[in-house]
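Reviewing the structure listed below.
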Amino acid sequence: MSEDTPPDRLSVNPKSPHYNEAAIERGVGVRFKGVEKNNVDEYCVSEGWVKLSVGATKDRFGNDMTITVKGAVEPYFRDKA
């Protein structure tokens, strides 16, 4: 990962192996199929998918319910390094 390139895969869940606190604190925005998304829980650029939160619904473990959608994923840092 270079200074201006977000990670290929990123999750906002601290329990995930793809959690990256430094990138999240810096602020990563995600465009999915050309549309800005604010409810992304996890994404993977190389595999072309995002996990989106579905409202305020929780699963039996208290985690947000998500759906996985496939398409073009474009992450970017909201601010400069």
For Asn38 against Arg78, the heavy-atom pair lying closest together: OD1-NH2, 4.1 Å

Set of residues satisfying side-chain hydrogen bond (donor to acceptor under 3.5 Å, both in side chains) with respect to Glu36, sequence neighbours excluded: Tyr76

Which atom of Pro6 lies closest to which atom of Phe77, heavy atoms considered: N-CE1, 3.5 Å

Minimum heavy-atom distance Ser11-Ile24, with the two atoms named: O-CD1, 3.4 Å

Counterpart residues, side-chain hydrogen bond (donor to acceptor under 3.5 Å, both in side chains), relative to Thr57 (two or more places apart): none

Please tabulate, for side-chain N and O atoms in residues 65-74, each donor-acceptor pair with protein atoms closer than 3.5 Å (sequence neighbours left out).
none

Over 12 non-hydrogen atoms of neighbours within 6.0 angstrom of NZ in Lys15: no

Tyr19 side chain near Asn13 side chain, heavy-atom distance below 4.5 Å: no

Glu25: salt bridge (Lys or Arg N to Asp or Glu O under 4.0 Å) partners, not counting sequence neighbours: none

Residue pair Val12, Glu42: steps toward the side-chain contact (heavy atoms from CB on, under 4.5 Å) verdict: CA-CA 6 Å; Val12 297; Glu42 187 173 355; over 6 Å; no

All side-chain hydrogen bond (donor to acceptor under 3.5 Å, both in side chains) counterparts of Asp8, not counting sequence neighbours: Ser46

N/O donor-acceptor pairs under 3.5 Å from side chains in residues 47-56, not counting sequence neighbours:
residue: Glu47; atom: OE1; partner: Trp49; partner atom: NE1; Å: 2.7
residue: Ser53; atom: OG; partner: Asp41; partner atom: OD1; Å: 2.9
residue: Ser53; atom: OG; partner: Asp41; partner atom: OD2; Å: 3.1

